[in-house]
J.: 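Have a look at the structure that comes next, please.
Heads up: numbering here begins at 1 and tracks the sequence.
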Amino acid sequence: MIEPGTEAPGFTLPDQDGNEVSLSDYSGRDLVLVFYPLDFSPTCTDQLSLYQEVLGEIESKGAALVGISVDSSFCHRAFREHLNLTMPLL
């Protein structure tokens, strides 16, 4: 388990719209990185839906949340639309 507050290694990944997103884009903010295996899998659907439910609380504390998986930008976009997610998926 990675301890809270551990600095993440730098990264640049495409989001659901194909735009590059880097860790440095969130400089000065707390960032919650949510790693999940696959869009549309039952467990991941439940997991991301739950994060969406508490996203307002996370953001009210000054943090941002992004989901990261191996899926393509096209799949991420469809998954976001299917679940009405607002957090970026990388």
J.: Which heavy atom of Gly62 sits nearest to which heavy atom of Arg29, and what is that distance?
T.: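 Scanning both residues, the minimum pair turns out to be O-NE, 3.9 Å.
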J.: Which atoms form the tightest heavy-atom contact between Tyr26 and Val66, and what is the distance?
T.: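 Smallest heavy-atom distance, with atoms named: OH-CG1, 3.4 Å.
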J.: Using every non-hydrogen atom in the two residues, find where Leu48 and Phe79 come nearest and quote the distance to one decimal.
T.: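 Nearest pair, atom of Leu48 first, then Phe79: CG-CE2, 4.0 Å.
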J.: Against Val21, only a single residue in Leu13, Asp15, Leu89, Thr12 fulfils side-chain contact (heavy atoms from CB on, under 4.5 Å); can you say which?
T.: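 Running side-chain contact (heavy atoms from CB on, under 4.5 Å) over Leu13, Asp15, Leu89, Thr12 with Val21 returns exactly one hit, Asp15.
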J.: Which pair of non-hydrogen atoms, one from Phe35 and one from Gln47, has the smallest distance, and what is that distance?
T.: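 Looking at all heavy atoms of both residues, the shortest contact is O-NE2, 3.9 Å.
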J.: Measure the OG-CG distance between Ser73 and Leu90 for me, rounded to the nearest 0.5 Å.
T.: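 Output value for this atom pair is 8.5 Å.
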J.: Does the side chain of Leu55 come within less than 4.5 Å of Leu65's, by heavy atoms?
T.: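 Answer yes - side chains close enough.
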J.: For Gln16 and Pro88, work out which heavy atoms get closest and say how close.
T.: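 Closest approach of Gln16 to Pro88: OE1-CA, 3.5 Å.
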J.: Take a 6.0 Å sphere around OH of Tyr51 and say whether it holds more than 12 heavy atoms from other residues, nucleotides or ligands.
T.: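 It does not: Tyr51 OH has 12 such atoms or fewer within range.
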J.: State whether the number of non-hydrogen atoms from other residues, nucleotides or ligands found under 6.0 Å of Phe11 atom CZ is greater than 12.
T.: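 Buried by this count: over 12 neighbours within 6.0 Å.
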J.: To the nearest 0.5 angstrom, please state how far the CG atom of Leu33 sits from the OG1 atom of Thr6.
T.: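 That separation rounds to 11.0 Å.
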J.: Determine, using the 4.5 Å side-chain heavy-atom cutoff (strictly less than), whether Val34 and Ile68 are members of one ILVMFWY cluster.
T.: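 Different clusters: Val34 never reaches Ile68 through Ile, Leu, Val, Met, Phe, Trp or Tyr contacts under 4.5 Å.
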J.: Between Ser69 and Tyr36, what is the shortest heavy-atom contact and its length?
T.: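 Looking at all heavy atoms of both residues, the shortest contact is CB-O, 2.9 Å.
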J.: Looking only at atom types and distance, does a side-chain atom of Ser72 sit under 3.5 Å from a main-chain N or O of Cys75, one as donor and one as acceptor?
T.: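 Here the side-chain-to-backbone pair exists.
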J.: Any side-chain heavy-atom pair from Leu38 and Val70 closer than 4.5 angstrom?
T.: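 Yes - at least one pair of side-chain heavy atoms lies under 4.5 Å apart.
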J.: Out of curiosity, does Val54 fall in the hydrophobic cluster containing Met87 (side-chain heavy atoms, cut-off under 4.5 Å, transitive links)?
T.: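 They do share one cluster, since a chain of ILVMFWY contacts under 4.5 Å joins Met87 to Val54.
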J.: Tell me if a side-chain donor or acceptor on Ser27 pairs with a main-chain N or O of Ser24 at a distance below 3.5 Å.
T.: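 Not confirmed, Ser27 side chain does not pair with Ser24 backbone.
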J.: How would you list all residue pairs meeting salt bridge (charged side-chain N to carboxylate O under 4.0 Å, His left out) that involve residues 30-51, not counting sequence neighbours?
T.: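 Salt bridge (charged side-chain N to carboxylate O under 4.0 Å, His left out) check on residues 30-51 returns no pairs.
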J.: Flag the pair Gln52 / Asn84 as yes when at least one side-chain heavy-atom distance between them is below 4.5 Å, and no otherwise.
T.: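 The answer is no, as the side chains (C-beta and beyond) never meet within the 4.5 Å cut-off.
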J.: Under a 4.5 Å side-chain heavy-atom rule over Ile, Leu, Val, Met, Phe, Trp and Tyr, are Phe40 and Phe74 clustered together?
T.: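 Unlinked, Phe40 and Phe74 end up in two clusters.
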